[in-house]
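Below you'll find the structure, written out as structure tokens, and then a few comments.
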Amino acid sequence: QVQVVESGGGLVQAGGSLRLSCAASGNIFSANVMGWYRQAPGKQRELVAIIASGGTTNYADPVKGRFTISRDNANNTVYLQMNSLKPEDTAVYYCYASLVLRVGVPRRLYWGQGTQVTVSS
């Protein structure tokens with residue numbers, strides 16, 4: 001059974017920093033794209049950042065220059081370093097991983113349960 005578990009959320013003042021972690025565990029053959037989405041109250045879920053297994057990254061415009069995504073391929077873990085946080089970054093942050101469980105089986109997306117990030121002004 002595959003699990004995707006986030007950690008590291010919390011309450012921080014504007015201008016502060018947080019680091020989110022997300023680990024995919026279980027019987028995994030390979031992890032392809034991993035990344036983060038977020039959903040603020042009353043809004044749709046939106047992309048924050050993604051990273052391919054080779055290290056290529058992509059960021060949403062609102063977080064460019066402030067957030068950094070990285071990963072540890074050996075442990076199927078992805079990180080999101082969030083600096084210069086703003087109140088508008090307040091949201092539930094969801095991790096996802098595109099995983100291949102066995103050779104010949106198509107990859108699937110797996111989502112974490114979400115972690116709350118609250119930025120006070």
Side-chain angles (χ1 to χ4, degrees):
Q1 185 174 356
V2 173
Q3 285 189 311
V4 176
V5 179
E6 303 106 333
S7 62
L11 173 64
V12 66
Q13 288 189 330
S17 299
L18 281 174
R19 189 188 194 215
L20 305 182
S21 300
C22 170
S25 62
N27 194 11
I28 299 169
F29 177 73
S30 67
N32 303 120
V33 176
M34 301 182 75
W36 296 90
Y37 276 69
R38 67 186 181 186
Q39 187 166 18
K43 294 187 177 182
Q44 289 187 333
R45 192 174 294 192
E46 62 177 7
L47 171 71
V48 177
I50 58 173
I51 183 168
S53 57
T56 300
T57 59
N58 190 28
Y59 296 91
D61 286 343
V63 307
K64 283 181 180 177
R66 299 187 298 123
F67 291 10
T68 302
I69 190 169
S70 61
R71 65 188 284 169
D72 175 358
N73 287 335
N75 293 299
N76 295 325
T77 300
V78 63
Y79 305 97
L80 186 68
Q81 177 67 43
M82 304 184 293
N83 298 328
S84 303
L85 282 161
K86 304 175 180 180
E88 51 263 45
D89 294 318
T90 295
V92 177
Y93 283 69
Y94 296 91
C95 170
Y96 84 94
S98 174
L99 304 176
V100 175
L101 301 189
R102 294 187 301 279
V103 174
V105 176
R107 58 181 178 264
R108 278 187 52 193
L109 288 184
Y110 292 82
W111 290 88
Q113 78 287 355
T115 184
Q116 177 70 46
V117 171
T118 302
V119 184
S120 63
S121 57

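One is the number of the first residue; the rest follow in order along the sequence.
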ask   = What residue among D72, T77, N73 forms side chain to side chain donor-acceptor pair (under 3.5 Å) with N75?
value = D72
request  = Using distance alone, with no hydrogens and no angle criterion, decide if E88 and T90 have a side-chain donor and acceptor under 3.5 Å apart.
outcome  = no
query = Taking atom CD1 of I50 and atom CG of N58, what is their separation to the nearest 0.5 Å?
reply = 5.0 Å
key: Heavy-atom neighbours of Q3 CD exceed 12 at 6.0 Å   = no
message = Let me confirm one number: the CG-OG1 distance from L85 to T118, rounded to the nearest 0.5 Å.
response = 10.5 Å
ask   = Which pair of heavy atoms, one from W36 and one from S21, lies closest together, and at what distance?
value = CH2-O, 3.6 Å
message = I'd like to check L101 versus N27 (side-chain heavy atoms, cut-off strictly below 4.5 Å). Are they in contact?
response = no
remark   = Here the gap from L109 atom CG to L99 atom CG, rounded to the nearest 0.5 Å, amounts to 8.5 Å
request  = Could you tell me whether the side chain of R71 and the main chain of A52 form a donor-acceptor pair under 3.5 Å?
outcome  = yes
ask   = For M82, which of V63, V12, L18 qualifies under side chain to side chain contact (heavy atoms under 4.5 Å, CB included)?
value = L18
ask   = Which distance, rounded to the nearest 0.5 Å, do you find between the CD1 of I69 and the CG of L20?
value = 10.0 Å
message = With a 3.5 Å distance limit and no angle check, can you tell me whether R66 reaches the backbone of S84 through a side-chain donor-acceptor pair?
response = yes
task = Quick one: do Y96 and Y37 satisfy ring-ring contact (aromatic ring centres under 6.0 Å, His included)? Show the steps, please.
result = CA-CA 8 Å; Y96 84 94; Y37 276 69; 5.7 Å; yes
task = Please report the closest heavy-atom contact between Y93 and E6, naming both atoms and the distance.
result = O-OE2, 3.8 Å
note = d(R102 CZ, S30 OG) to nearest 0.5 Å is 12.5 Å
message = So that I can tick it off, tell me whether D89 and K86 are bridged by a salt bridge, with the cut-off set at under 4.0 angstrom between side-chain N and carboxylate O.
response = no
remark   = Taking every heavy atom of M34 against every heavy atom of N76, the minimum-distance pair comes out as CE-O, 3.5 Å
key: N83 and S17 side chains, donor-acceptor separation under 3.5 Å   = yes
key: Other residues, nucleotides, ligands: >12 heavy atoms within 6.0 Å of R107 CZ   = no
query = Between Y94 and R38, is there a cation-pi geometry (under 6.0 Å to ring centre, at most 45° from the normal)?
reply = no
task = Could you pull out the closest heavy-atom pair between P87 and A14, with the gap in Å?
result = CD-CB, 4.1 Å
query = Taking the six-membered ring for Trp, are the ring centroids of F67 and Y59 within less than 6.0 Å of each other?
reply = no
